[in-house]
Protein chains: 2
Amino acid sequence: MTAECTETEIPPWEAEIIDLFVGIFDGFGLPKSTAMIYGTLYCAEDGMLQEEIAHRLQISAGSASQGLKMLQTLGAVKRQSPIGQRHSYYSAERSMRRLMGNVVESQLQPKLRSGKERLQELAAAIPAEESLARQRIQTLQTWQRKVERGMPLLSKIFSTGGGKSK
Amino acid sequence: MTAECTETEIPPWEAEIIDLFVGIFDGFGLPKSTAMIYGTLYCAEDGMLQEEIAHRLQISAGSASQGLKMLQTLGAVKRQSPIGQRHSYYSAERSMRRLMGNVVESQLQPKLRSGKERLQELAAAIPAEESLARQRIQTLQTWQRKVERGMPLLSKIFSTGGGKSK
DNA sequence: CACTCGTTTCAAAAATTTTTGAAATAAGGT
DNA sequence: ACCTTATTTCAAAAATTTTTGAAACGAGTG
């Protein structure tokens, strides 16, 4: 019969970090609620239940469900389902290396591949005398190749300590 | 007394490239009309007038103006204003190296800087005994440093031909 | 097997972003 | 100085995205 429950108040430092993530995620075009979920899990000591998260952030169960799903497909959040328990625990991927790797693999790579295909089809459909078209397409294919080649380096950047330390 | 004017029809290959850019820009959260403007200028043989662009893409003058402004602050489009002429020509930055460099400088760098500051202030405000908070903030600062250090490498990736060619 | 309770789904509502259209502005030409 | 035409601005409209809330679902439990 408790009117309200203060049990899960968010401390200022956490609110600040969550807000930081909202800004970062926003740069990637991801919803605020999703960013907040990640921020919460990022700060958390242990895994959390979906219900806890939703209650803590004051968002609906639907939002929490959708956000968590998205974060999982991005590879930013992992789910642990203890056997014989009807709920799962969620926890944030805190390794930048893995986080980046996951996002690149699940988002960038597919887009790159499809872009590559489109360019190939497009190039194949242009007769040699359309020099401007060929020129422009060719340049795009160069871009495509650069990004493709740069990808491995990218993951190297985030692997260890950032390259040369000291 | 011509009912419609077919003068500036967009050829299929150009439409396809424009659409490609719409997809890419969308990944960065940029409006479709802006992407279309960039795509058009990217394909163009020479510089174009804002009016031409708007008419060709069938978007309003307002959209064209705003989109071009955005593209300029991103460093993706350059404006040339011939003296003694009331209009300017716009052209796309087609060098990936410069394009990336401009975007990084105008968008990423500022965000990184402000994020760094926020983290520093946050860290300074947490007492030593708040070990979880300190831990989390510290990890974020490591992320921050990695990205900061990785930046120069990034621009290197896109500079020449993509690294090792053969 | 019926019950409980957490999760998922999805249509509708809310919020946000983008585009338009029209008025204000600016700058060249006469 | 005045006309003409390109551009900018900005409030309102349109389109899109995000969030909610409620119903359907599903997996353990008694």
Side-chain angles (χ1 to χ4, degrees), chain A residues 5 8 18-19 21-41 47-74 76-91 107, chain B residues 5 8 18-19 21-41 47-74 76-91 107:
Chain A
C5 65
T8 43
I18 289 174
D19 194 54
F21 277 116
V22 170
I24 295 169
F25 275 55
D26 191 55
F28 287 86
L30 293 167
K32 185 160 69 162
S33 66
T34 304
M36 288 167 71
I37 294 170
Y38 182 80
T40 301
L41 290 175
M48 290 178 78
L49 300 174
Q50 169 172 320
E51 212 187 12
E52 275 186 279
I53 299 166
H55 182 243
R56 204 136 189 271
L57 293 173
Q58 309 190 70
I59 60 179
S60 68
S63 262
S65 176
Q66 284 191 182
L68 281 168
K69 194 205 281 182
M70 163 98 285
L71 288 167
Q72 280 172 277
T73 74
L74 278 176
V77 155
K78 286 165 302 183
R79 172 194 221 161
Q80 285 160 280
S81 307
I83 50 157
Q85 243 187 281
R86 82 184 88 190
H87 49 226
S88 309
Y89 288 99
Y90 296 92
S91 52
Q107 305 300 114
Chain B
C5 64
T8 43
I18 289 174
D19 193 53
F21 277 116
V22 169
I24 295 169
F25 275 56
D26 190 54
F28 287 86
L30 293 167
K32 187 160 68 165
S33 67
T34 304
M36 289 167 71
I37 294 169
Y38 182 79
T40 301
L41 290 175
M48 291 177 78
L49 300 175
Q50 170 173 318
E51 211 187 11
E52 275 185 279
I53 299 167
H55 182 242
R56 205 135 188 271
L57 293 173
Q58 309 190 74
I59 60 179
S60 69
S63 260
S65 176
Q66 285 190 180
L68 281 168
K69 193 205 282 183
M70 164 97 286
L71 288 167
Q72 277 172 278
T73 75
L74 279 175
V77 156
K78 286 166 300 184
R79 171 195 221 162
Q80 283 161 280
S81 306
I83 52 158
Q85 244 186 280
R86 81 185 88 192
H87 48 227
S88 308
Y89 289 99
Y90 296 92
S91 51
Q107 304 300 114

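Every chain is numbered from 1 and lettered A, B, ... according to where its sequence line falls, protein lines coming before strand lines.
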Open item on the list: If I take atom CD in residue A:Gln66 and atom P in nucleotide C:dA14, what distance separates them, rounded to the nearest angstrom?
Closed with: 17 Å
TODO: First locate atom NZ of B:Lys32, then atom OG of B:Ser63, and finally report the distance between them rounded to the nearest 0.5 Å.
DONE: 11.0 Å
Task: Crowding at CD, B:Gln85 (>12 non-hydrogen neighbours, <6.0 Å) - done: yes
Task: Among C:dT8, D:dT20, D:dT8, the one nearest A:Tyr90 by side-chain distance - done: C:dT8
Open item on the list: If I take atom CD in residue A:Glu51 and atom C1' in nucleotide C:dC5, what distance separates them, rounded to the nearest angstrom?
Closed with: 8 Å
TODO: Return the nearest nucleotide to the side chain of B:Ala61; candidates are C:dT7, D:dT8, D:dT20.
DONE: D:dT8
Open item on the list: Let's see if you can work this out: which of C:dT19, D:dT8, D:dT19 has an atom nearest to the side-chain heavy atoms of A:Ser63?
Closed with: D:dT19
Open item on the list: In this structure, how many angstroms lie between the C1' atom of D:dT7 and the CZ atom of B:Arg79, rounded?
Closed with: 8 Å
Task: Integer-rounded Å distance: D:dA6 C1' and B:Gln85 CD - done: 12 Å
Open item on the list: Both B:Gly84 and B:Ile59 contact DNA chain C. Which one's nearest nucleotide lies toward the 5' end?
Closed with: B:Ile59
Open item on the list: Base of D:dT7, side chain of B:Arg86 - is there a donor-acceptor contact under 3.5 Å?
Closed with: no
Open item on the list: Nearest whole Å is fine: how far is C:dT7 P from A:Ile53 CD1?
Closed with: 9 Å
TODO: Identify which nucleotide among D:dT9, C:dT18, C:dT7 has an atom closest to any side-chain atom of B:Ser65, counting heavy atoms from C-beta outward.
DONE: D:dT9
Task: Nearest-neighbour nucleotide for the A:Ser33 side chain, D:dT19, C:dT7, D:dT7 considered - done: D:dT19
Task: First encountered from the 5' end of DNA chain C, between A:Lys32 and A:Lys69 - done: A:Lys69
TODO: Mind calculating the distance between CZ (A:Phe25) and C1' (D:dT19) to the nearest angstrom?
DONE: 18 Å
TODO: May I have the distance from B:Gln50 (atom CD) to D:dT9 (atom P), rounded to whole angstrom?
DONE: 11 Å
Open item on the list: From the set D:dT20, C:dT19, C:dT7, return the single nucleotide nearest to any side-chain atom of A:His87.
Closed with: C:dT7
Task: Side-chain touch A:Ile24/A:Phe21, heavy atoms, less than 4.5 angstrom - done: yes
- [ ] Taking A:Thr40 for its side chain and A:Met36 for its backbone only, find out whether a donor-acceptor pair lies under 3.5 Å.
- [x] yes
TODO: Check the distance between D:dT7's P and B:Gln72's CD and give it to me in whole angstrom.
DONE: 11 Å
TODO: Would you mind classifying the nucleic acid contact of B:Gly29 as base, sugar-phosphate or nothing, using non-hydrogen atoms under 4.0 angstrom?
DONE: sugar-phosphate
- [ ] Please report the closest heavy-atom contact between A:Leu49 and A:Ser88, naming both atoms and the distance.
- [x] CD2-O, 3.4 Å
